[in-house]
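Note that the structure is a prediction, hence the values are computed from the model and not measured. We're numbering straight along the sequence, starting at 1.
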Amino acid sequence: QVQLVESGGGLVQAGGSLRLSCTASGRAFSSHAVAWFRQAPGKEREFLARIDWNGRNTIYSDSVKGRFTISRDNTKNMAYLQMNSLKPEDTADYYCQAGWPGSATTSPRLNDYWGQGTQVTVSS
């Protein structure tokens, strides 16, 4: 079992940066891949990035590649999403997912856990 809590969201101007954090509890965290998703009002949840269980491999969606960086620290049971060059279209609720298997692919997880989300608003 894994419990996740996101933090770090807020209001930022276009071109600015934010770092989201995902705090995990549960021993299984270190064996799970971690992904970040977002959901804007009226839109479907969108995959952004995933990092594998040991942090060696990552994958990004085209919409955030080169601007966002996913990382994790298993010693702290933490994962992060560094977001740079933010745009108004990045405005959404951002969610952390811990999923198994622990590979960094876009394939759906056989089991997963979600946080409650953190809101990011980018003003123009």
Exercise. For E44, does the CD atom sit with more than 12 other heavy atoms under 6.0 Å from it, leaving out its own atoms?
Worked result: no

Problem set entry | Any donor-acceptor pair under 3.5 Å from R50 side chain to A104 backbone | no

Problem set entry | Non-neighbouring partners of R38 that pass side-chain hydrogen bond (donor to acceptor under 3.5 Å, both in side chains), sequence neighbours left out | E46, D90, Y94

Exercise. Going by the salt bridge (Lys or Arg N to Asp or Glu O under 4.0 Å) test, which pairs reach into residues 22-31, not counting sequence neighbours?
Worked result: none

For this session: Only pairs at least two apart or in different chains count here, so list each ring-ring contact (aromatic ring centres under 6.0 Å, His included) that has a residue in residues 46-66.
Result: F37-F47

Exercise. For Y113, which residues count as a ring pair (Phe, Tyr, Trp, His ring centres under 6.0 Å) partner, sequence neighbours excluded?
Worked result: H32

For this session: If you link ILVMFWY side chains whenever their heavy atoms are less than 4.5 Å apart, which other residues fall into the same cluster as L110? By chain and number, please.
Result: W100

Exercise. Can you tell me if D52 uses its side chain to pair, donor with acceptor, with the backbone of G55 under 3.5 Å?
Worked result: yes

Exercise. Linking Ile, Leu, Val, Met, Phe, Trp and Tyr by side-chain heavy atoms under 4.5 Å, what else ends up with M78?
Worked result: Y80

Problem set entry | Residue pairs passing the disulfide (SG to SG under 2.5 Å) test where at least one lies in residues 43-97, sequence neighbours excluded | C22-C96

Problem set entry | Set of side-chain hydrogen bond (donor to acceptor under 3.5 Å, both in side chains) partners for E6, sequence neighbours left out | none

Problem set entry | Residues that K65 engages under salt bridge (Lys or Arg N to Asp or Glu O under 4.0 Å), provided they are two or more places apart | D62

Problem set entry | Check against side chain to side chain contact (heavy atoms under 4.5 Å, CB included), W36 and M83 | CA-CA 11 Å; W36 287 92; M83 306 187 297; over 6 Å; no

For this session: List the atom of Q39, the atom of Y95, and the distance in Å for their closest heavy-atom pair.
Result: CB-CE1, 4.3 Å

Would you mind writing out the side-chain donor-acceptor pairs for residues 117-124 within the sub-3.5 Å range, not counting sequence neighbours?
| residue | atom | partner | partner atom | Å |
| --- | --- | --- | --- | --- |
| T118 | OG1 | G9 | N | 3.2 |

Exercise. What residues form a side-chain hydrogen bond (donor to acceptor under 3.5 Å, both in side chains) with S61, not counting sequence neighbours?
Worked result: S63

Seminar exercise, completed: To the nearest 0.5 Å, atom CG of L48 lies from atom CD1 of I70 at 8.5 Å

Exercise. Which pair of non-hydrogen atoms, one from A40 and one from T91, has the smallest distance, and what is that distance?
Worked result: CB-O, 3.7 Å

Problem set entry | Hydrophobic cluster membership, V34 vs F68, 4.5 Å side-chain cutoff | yes

For this session: Could you list the residues that satisfy side-chain hydrogen bond (donor to acceptor under 3.5 Å, both in side chains) with S7, not counting sequence neighbours?
Result: none

For this session: List the atom of A33, the atom of S103, and the distance in Å for their closest heavy-atom pair.
Result: CB-O, 3.5 Å

